[in-house]
Amino acid sequence: MPKNPVPPIISHLKSLRLAKGLTQTRLARRIGVQRQAIYDMESGRYLPNTAVALRLAVILDCRVEDIFTLDAPSQAPPMTLIGQGAPDRDTRLALARVRGKLVGFPLIGKNDFRENMLPADGLLIKKSGRLRLLQPEATLEHKALLMGCDPAFEILGAHVGRSRGASSLLCRFASSQRALESLANGHTHIAGTHLHSAGKTEANVALARRILGDFRGMVIGFAQFEEGLMVAPGNPLKIRGVSDLARPEVRLVNREPGAALRSLLEDRLAREHIPAEAVHGFGDLVASHSEGAQRVLYGTADAAMGLRVVASVYGLDFIDIATVRCDLVIPGDLVEHPAVRVLLDILQSRTFREELDHLPGYDTSDTGKVIVRQ
């Protein structure tokens, strides 16, 4: 027996074929083999000769080594881990490549579970510190990363995934400020922001310029939606607006500094001449719309800032405060990214707008509108 046996060859043909929207039969016809041969290659029972492998690479628009790889440890590509330090165990990751650099998001705790488990792109092995990809590295070239806190971003991601070709969109939750800071640090392709505008000032554009400095790119409208207070079903405390948050029996849960909803609340309290210390729970923070809704739903808070659509999902009553536009901020050098191009086309599509229009509190009159291009 040889001292260093050759490791088995892993086939990534199925995922690459599906990303191109090809059936086994159609792919077989294009390269001149039987459908059974495609099935056997995908299951690892059969390795093609050089001519067939090269034809596959041409049709799938990748390299042969992207289709068939050795199942052997390899040097982990450089990666920036977002959101925490080195994990204390093997960790499933969501991955994206931004300007040639790999960024990874640990799928741990609430980041791993909604109502089902989220699929991983790779594994970070604690013992070796190595990254093991669970899909061909070539697929990352067609994936864009969008950071922001509009729950409808997942719908946009689904539409990108349904489009022809290999493009996909990874959506990660982040406040407006944190999303733009990630964009400034080169950790995302797109940032979503939804600050409310005062007067003629475009708050989203102003924040982008403040964080990104000499910004060159585009700000494009995603959707308008209603923001306000989420309260218990039936509104038992008869909360009518932010002025009622100063009542001693009302318990608020707030968002962190830099969150758009926090800024909206502070603005409305200032208009009512209500100091923050007069609001019970002003310093009691949650990190997302859903966490605030759950606190209200389970009775540990009486009010939380949120979106009408989130209140509707959790069966809560909603007090409208403002209609706010959510924008997407895209640097100029990333506009031609394959998935970003698909995303921009989808924003103009009737099908996508119709779906957004059916969400409670959403309006698509500015969807796809270029707010700033520079």
Chi angles and distances behind the side-chain contact (heavy atoms from CB on, under 4.5 Å) call for Asp150, Tyr362: CA-CA 11 Å; Asp150 188 334; Tyr362 273 70; 2.5 Å; yes
Using modelled atom types only, decide if a donor and an acceptor are shared between the side chain of [X] and the backbone of [Y] within a distance under 3.5 Å.
X      : Y      : value
Asp366 : Ala223 : no
Glu226 : Asp320 : no
Glu181 : Ile211 : no
His196 : Val324 : no
Asn204 : Leu195 : yes
Arg172 : Cys149 : no
Asn254 : Asp284 : no
Arg17  : Leu22  : yes
Ser312 : Arg308 : no
Arg132 : Leu123 : no

Using a 4.5 Å cut-off on heavy atoms from C-beta on, say whether the side chain of [Y] contacts that of [X].
X      : Y      : result
Leu229 : Asp244 : no
Val205 : Ile371 : yes
Leu146 : Leu170 : no
Ser175 : Arg255 : yes
Glu277 : Phe282 : no
Asp121 : Leu93  : no
Arg210 : Gln177 : yes

Going by the side chain to side chain donor-acceptor pair (under 3.5 Å) test, name the single residue among Arg35, Gln34, Gln36 that passes it with Gln24. Arg35
Using the rule that two of Ile, Leu, Val, Met, Phe, Trp, Tyr join whenever any of their side-chain heavy atoms come within less than 4.5 Å, decide whether [X] and [Y] are in one cluster.
X      : Y      : result
Leu212 : Ile220 : no
Leu133 : Met79  : yes
Val253 : Tyr298 : no
Val342 : Leu356 : yes

Of all heavy-atom pairs between [X] and [Y], which one has the smallest distance, and what is that distance?
X      : Y      : value
Pro106 : Thr91  : CB-CG2, 3.9 Å
Ile38  : Ala28  : CG1-CB, 3.7 Å
Leu316 : Pro233 : CD2-CD, 3.9 Å
Phe215 : Gln374 : O-NE2, 2.7 Å
Val231 : Ala303 : CG1-CB, 4.1 Å
Ile274 : Val242 : CD1-O, 4.1 Å

Quick check on [X]: does its [atom1] atom have over 12 non-hydrogen neighbours (other residues, nucleotides or ligands) under 6.0 Å away?
X      : atom1 : value
Arg216 : CZ    : yes
Arg247 : CZ    : yes
Arg162 : CZ    : yes
Lys369 : NZ    : no
His142 : NE2   : yes

Verdict with reasoning, Leu307 to Phe318, per side-chain contact (heavy atoms from CB on, under 4.5 Å): CA-CA 8 Å; Leu307 278 59; Phe318 182 78; 5.6 Å; no
Among pairs that include at least one residue of residues 9-41, which meet ring-ring contact (aromatic ring centres under 6.0 Å, His included), considering only residues two or more places apart or in two chains? none
For the residue pair His194 and Glu227, confirm or rule out a side-chain donor-acceptor distance under 3.5 Å. yes
Under 4.0 Å between a Lys/Arg side-chain N and an Asp/Glu carboxylate O for Asp357 and Arg353? no
